[in-house]
Amino acid sequence: VVRPLDPRLGKVQDISAASLMSDGSLVLIVDVSDLVRSINQRLDAGELTATRPVEAIEAKKRILVVDDSITVREVERKLLEKQGYAVDVAIDGMEGWNAVRNQTYDLVISDIDMPRMNGIELIQQIKTHPRLRSIPVIVVSYRDRESDRLQGLDAGADYYLTKNSFQDDSLIQAVVDLIGQ
């Protein structure tokens with residue numbers, strides 16, 4: 001709910017109202033016309049100078065690695081960070097599901113065999129969620145039978161790799177294909 005400022009405060013420059021958020025924090029509502037007038041006055045008085053353009057800084061792409069093996073998690077994390085990606089890790093599908101709902105990721109890399117929620121269930125949850133379904137998913141698993149590969153791809157995975165792909169560039173190439181460098 002937006003409320004006008006208490007009249008006892010008088011006119012607060014460039015602010016027209018305030019709102020109290022559900023967490024108790026205060027949000028001030030900008031009076032745009034007053035703000036433009038203030039900027040124009042400062043420009044006319046020579047108090048403001050032109051700024052030099054700043055080159056855009058591209059944020060690192062964020063990847064979530066979900067695997068119950070600490071060794072695999074760390075190998076993947078280090079490999080991806082070495083390529084310039086920001087990497088978070090989760091120890092199982094449930095922790096991965098909580099992370100992907102609460103953070104923004106450009107890509108999820110998941111194992112299949114994990115406690116609490118396996119990788120197939122995690123992928124299905126992601127791909128059926130309206131806000132998350134566009135996140136690409138790569139499966140990296142020890143399972144290398146064709147039926148395992150089909151199960152992962154049918155669940156919605158964009159790539160299915162075996163864990164021996166760390167020795168070549170398959171994982172990095174799949175990541176680059178899906179989200180870029």
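Because only heavy atoms are used, hydrogens play no part in the values below, and waters and symmetry mates are left out as well, while side chains stay in. The first residue of the sequence shown is numbered 1, and numbering continues consecutively from there.
Rounding to the nearest 0.5 Å gives a distance of 12.0 Å between CG of L161 and CG of D144. Taken to the nearest 0.5 Å, the NZ atom of K61 stands 16.0 Å off from the OH atom of Y105. Here the CG atom belonging to D34 is positioned 9.0 Å from the CD1 atom belonging to I15, to the nearest 0.5 angstrom. The distance from atom OG of S69 to atom CE of M114, rounded to the nearest 0.5 Å, is 11.5 Å. Taking CZ of R77 as the reference point, atom CG of D67 lies at 13.5 Å (rounded to 0.5 Å). Rounded to the nearest 0.5 angstrom, L153 CG and E146 CD are separated by 8.5 Å.
Closest heavy-atom contact between E76 and L171: CG-CD2, 4.3 Å. Pairing each heavy atom of A155 with each of K127, the nearest pair is O-CG, 4.0 Å. Between D158 and P136, the shortest heavy-atom contact is OD2-CA, 3.1 Å.
Taking hydrophobic clusters as Ile, Leu, Val, Met, Phe, Trp and Tyr residues chained together by side-chain heavy-atom distances below 4.5 Å, V140 shares a cluster with V176. Placement of V100 and I179 in two distinct hydrophobic clusters is found when ILVMFWY residues are connected by side-chain heavy-atom separations under 4.5 Å, directly or transitively. When the side chains of ILVMFWY residues are joined at heavy-atom separations under 4.5 Å, either directly or via intervening members, L178 and L79 end up in a single hydrophobic cluster. Both I172 and V65 sit in one connected hydrophobic cluster of ILVMFWY residues. Membership requires side-chain heavy atoms under 4.5 Å apart, directly or through other members. In this structure, M94 is a member of the same hydrophobic cluster as I112, with clusters built from ILVMFWY side-chain heavy atoms closer than 4.5 Å.
Side chains of V66 and V108 form a contact here, defined as non-hydrogen atoms less than 4.5 Å apart. The shortest side-chain heavy-atom distance between R143 and D113 falls under the 4.5 Å cut-off. No side-chain heavy atom of L107 sits less than 4.5 Å from a side-chain heavy atom of Y159. Between W97 and L132, some side-chain heavy-atom pair lies under the 4.5 Å cut-off. Y85 places a side-chain heavy atom less than 4.5 Å from the side chain of V175. In this structure, L64 and I109 have side chains that are not in contact, with every pair of non-hydrogen atoms separated by 4.5 Å or more.
R149 has no carboxylate O lying under 4.0 Å from a charged side-chain N of D154, or vice versa, which leaves the two without a salt bridge. At a threshold of 4.0 Å, the pair E81-K78 does not count as salt-bridged, since none of the basic side-chain nitrogens sits closer than that to a carboxylate oxygen.
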Please table the atom pairs, donor to acceptor, closer than 3.5 Å between any side-chain atom in residues 116-124 and protein atoms at least two apart or in another chain.
residue	atom	partner	partner atom	Å
R116	NE	D92	OD2	2.9
R116	NH2	D92	OD1	3.3
R116	NH2	D92	OD2	3.4
N118	OD1	I120	N	2.9
N118	OD1	E121	N	2.8
E121	OE1	N118	N	3.0

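In this structure D88 satisfies the salt bridge (charged side-chain N to carboxylate O under 4.0 Å, His left out) test together with R62, sequence neighbours excluded. Residues passing the salt bridge (charged side-chain N to carboxylate O under 4.0 Å, His left out) test with R145 are D148, sequence neighbours excluded. In this structure, the side chain to side chain contact (heavy atoms under 4.5 Å, CB included) partners of S16, at least two apart in sequence or on a different chain, are I29, D31. The salt bridge (charged side-chain N to carboxylate O under 4.0 Å, His left out) search around R101 returns none, not counting sequence neighbours.
Residue pairs satisfying the salt bridge (Lys or Arg N to Asp or Glu O under 4.0 Å) criterion with at least one member in residues 102-111, sequence neighbours excluded, are listed as follows: D111-K163.
Counting non-hydrogen atoms of other residues, nucleotides and ligands closer than 6.0 Å to CD1 of I70 gives a total of 12 or fewer.
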